[in-house]
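Have a look at the structure below before the remarks.
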Number of protein chains: 2
Amino acid sequence: MPKNCNFIEKLREVGLRPTKQRIKICEVLYNREKTFHFTINDLVKMISEKMNEKISLATVYNTVHAFEKKGYLKEISIDSHKSYFDTNTSSHHHFFDEDTHELIDCDESDIDKINIKKNITGKKINSVEVLVRVASDNQTQK
Amino acid sequence: MPKNCNFIEKLREVGLRPTKQRIKICEVLYNREKTFHFTINDLVKMISEKMNEKISLATVYNTVHAFEKKGYLKEISIDSHKSYFDTNTSSHHHFFDEDTHELIDCDESDIDKINIKKNITGKKINSVEVLVRVASDNQTQK
DNA sequence: CAATAGTTTAGAATTATTATAATGTAGATT
DNA sequence: AATCTACATTATAATAATTCTAAACTATTG
Ligand SMILES: [Mn+2]
Ligand SMILES: [Mn+2]
Ligand SMILES: [Zn+2]
Ligand SMILES: [Zn+2]
């Protein structure tokens with residue numbers, strides 16, 4: 001965790017111009033110990049809270065999608081009503097807390113290898129991901 | 001597959017009034033051999049193609065969500081840009097064809113039992129579902 | 001220091017979904 | 001069968017998320 005990660009270089013490497021807005025977004029997203037999950041709304045709030053300047057919503061959308069295309073971010077679909085993004089771009093599974101609507105990572109090593117007996121002819125498997133929906137234990141004794 | 005399924009009774013059983021709109025939606029959804037996946041848009045098209053009368057979009061939304069709440073339909077999240085529904089309400093897995101954006105069922109029996117080693121304290125598992133993303137085999141030799 | 005290609009921005013446009021409120025209807029009551 | 005009432009449908013308006021637009025700005029190149 002270098003104090004001042006060189007996001008300029010990182011951005012250049014993938015052909016994105018290191019503008020101050022993109023560097024700011026990089027800082028919010030990647031200048032931390034652990035990966036995390038966020039919605040566009042979360043990100044906009046984080047930026048406006050942690051920084052003094054405001055960034056246009058369009059720029060946030062554009063940059064997030066540019067990062068997604070470059071493989072810097074991963075989009076997670078759990079709730080069709082919200083778009084979640086993940087700074088952990090590796091293939092992994094999730095718990096989704098239906099009480100808090102929180103996403104929690106689950107490493108591939110936390111789940112035994114998944115064996116799929118069926119296959120689709122002419123198609124190749126790109127990813128296999130598990131979504132485990134969880135909820136509070138005490139409200140289940142109906 | 002009775003020719004004229006008694007949707008009126010079915011609707012009454014769960015406390016929904018059997019209006020002609022709901023019966024029409026039932027026919028489109030359940031008067032077939034196999035379960036299937038659809039978006040609201042698909043459903044509206046199906047109704048207007050198969051039937052002569054038009055049903056208000058609001059009614060389609062309301063009815064689909066009423067059915068979902070009653071457990072007659074299940075919502076599937078794969079693509080945050082689209083809401084898919086499933087007339088197969090049992091717990092099952094899916095293949096998602098990234099070329100055609102088509103959802104294909106995968107029975108629980110087609111995948112070996114999934115063993116989750118991690119658990120979230122205080123939380124109970126509600127469901128474990130797998131999403132297998134597939135794509136054409138020949139475009140993968142980049 | 002231009003010139004240029006790429007970027008940001010505010011605001012408009014689009015799309016999906018939900019809310020509203022007036023009208024209609026199924027089923028019960030007389 | 002006429003009337004009543006709660007629930008439904010409908011057209012339309014409102015909202016929310018996302019994308020588009022086109023003008024202003026800026027990082028890089030020469
Ligand atoms: Mn997207
Ligand atoms: Mn829904
Ligand atoms: Zn994750
Ligand atoms: Zn299905």
Side-chain angles (χ1 to χ4, degrees), chain A residues 6-29 37-48 51-70 72-73 75-85 101, chain B residues 6-29 37-48 51-70 72-73 75-85 101:
Chain A
N6 201 343
F7 296 125
I8 295 177
E9 256 179 36
K10 187 175 181 181
L11 286 167
R12 279 228 184 81
E13 267 169 25
V14 282
L16 291 176
R17 277 194 186 169
T19 63
K20 65 171 191 281
Q21 291 84 351
R22 282 181 182 152
I23 292 165
K24 197 161 288 189
I25 292 174
C26 279
E27 282 168 4
V28 174
L29 292 180
H37 307 106
F38 64 94
T39 65
I40 294 285
N41 234 318
D42 295 337
L43 183 55
V44 169
K45 266 186 207 154
M46 283 169 160
I47 292 169
S48 63
M51 320 285 176
N52 38 2
E53 284 181 63
K54 282 146 221 285
I55 298 181
S56 152
L57 188 59
T59 297
V60 177
Y61 272 103
N62 292 341
T63 307
V64 163
H65 283 128
F67 283 178
E68 187 190 0
K69 200 184 298 172
K70 294 292 177 184
Y72 277 11
L73 288 175
E75 194 169 5
I76 310 286
S77 296
I78 354 91
D79 184 340
S80 58
H81 306 269
K82 254 184 191 170
S83 242
Y84 287 81
F85 291 88
H101 282 203
Chain B
N6 200 342
F7 295 126
I8 295 178
E9 256 179 36
K10 187 176 180 180
L11 286 168
R12 280 230 183 81
E13 267 169 25
V14 281
L16 292 177
R17 276 194 187 170
T19 62
K20 64 172 192 281
Q21 291 83 352
R22 282 181 181 152
I23 292 165
K24 198 160 284 187
I25 293 175
C26 279
E27 282 169 4
V28 174
L29 292 180
H37 307 106
F38 64 94
T39 65
I40 294 285
N41 234 319
D42 295 338
L43 182 55
V44 169
K45 266 185 207 155
M46 283 168 159
I47 292 168
S48 64
M51 320 284 176
N52 37 1
E53 284 181 62
K54 281 145 222 283
I55 297 182
S56 152
L57 187 59
T59 297
V60 177
Y61 271 103
N62 291 341
T63 307
V64 164
H65 283 127
F67 283 178
E68 186 191 1
K69 200 183 297 172
K70 294 292 178 184
Y72 278 10
L73 288 175
E75 193 168 6
I76 310 286
S77 297
I78 354 90
D79 183 340
S80 58
H81 306 270
K82 255 183 190 171
S83 243
Y84 287 82
F85 291 88
H101 282 203

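All heavy atoms count here, side chains included; hydrogens, waters and symmetry mates do not. Source: prediction; values computed, not measured. First the proteins, then the strands, lettered A, B, ... as listed; each starts at 1.
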Return no unless some side-chain N or O of [X] is found under 4.0 Å from OP1 or OP2 of [N].
X      : N       : answer
H81(B) : dA16(C) : no
Q21(A) : dT9(C)  : yes
Y61(A) : dT18(D) : yes

Could you work out, with side chain to side chain contact (heavy atoms under 4.5 Å, CB included) as the rule, every residue matching [X], not counting sequence neighbours?
X      : answer
V60(B) : I40(B), L43(B), V44(B), I47(B), I55(B), V64(B)
K10(B) : F7(B), Y30(B), Y72(B)
I23(B) : I8(B), L11(B), P18(B), E27(B)

Tabulate atom names and distances for all N/O pairs under 3.5 angstrom spanning the protein and nucleotides 25-30 of chain C.
| unit_1 | atom_1 | unit_2 | atom_2 | d |
| --- | --- | --- | --- | --- |
| dG27(C) | OP1 | R12(B) | NE | 3.1 |
| dG27(C) | OP1 | R12(B) | NH2 | 2.4 |
| dG27(C) | OP2 | R12(B) | NH2 | 3.4 |

Let me spell it out: for each of I40(A) and N62(A), pick the nucleotide of DNA chain D with the closest heavy atom. Which residue's pick is nearer the 5' end?
I40(A)

Measure [atom1]/[X] against [atom2]/[N] and give the value in whole Å, please.
X      : N       : atom1 : atom2 : result
N41(A) : dT15(D) : CG    : C1'   : 14 Å
K82(A) : dA16(C) : NZ    : C1'   : 17 Å
E68(B) : dT17(C) : CD    : C1'   : 13 Å
K70(B) : dC7(D)  : NZ    : P     : 12 Å
E53(A) : dC25(D) : CD    : C1'   : 14 Å
K24(A) : dT8(C)  : NZ    : C1'   : 13 Å
D79(A) : dA17(D) : CG    : C1'   : 13 Å
L16(B) : dA6(D)  : CG    : C1'   : 14 Å

Holding to side chain to side chain donor-acceptor pair (under 3.5 Å), I want the full list of residues that pass it with E13(A), two or more places apart in sequence or in another chain.
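Side chain to side chain donor-acceptor pair (under 3.5 Å) check on E13(A) returns nothing, list empty.
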
By side chain to side chain donor-acceptor pair (under 3.5 Å), T39(A) pairs with (sequence neighbours left out) D42(A)

All pairs passing salt bridge (charged side-chain N to carboxylate O under 4.0 Å, His left out) where residues 15-26 of chain B contributes a residue, at least two apart
K24(B)-E53(B)

Between S80(B) and E75(A), a side-chain donor and acceptor under 3.5 Å
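Judged by distance alone, the side chains do pair up.
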
Distance (rounded to the nearest 0.5 Å) between F85(A) CZ and L29(A) CG:
10.5 Å

Would you compute the distance between atom CZ of F38(A) and atom NZ of K45(A) and round it to the nearest 0.5 angstrom?
14.0 Å

Atom pairs under 3.5 Å, N or O on each side, protein against nucleotides 11-13 of chain D: can you list them with distances?
none

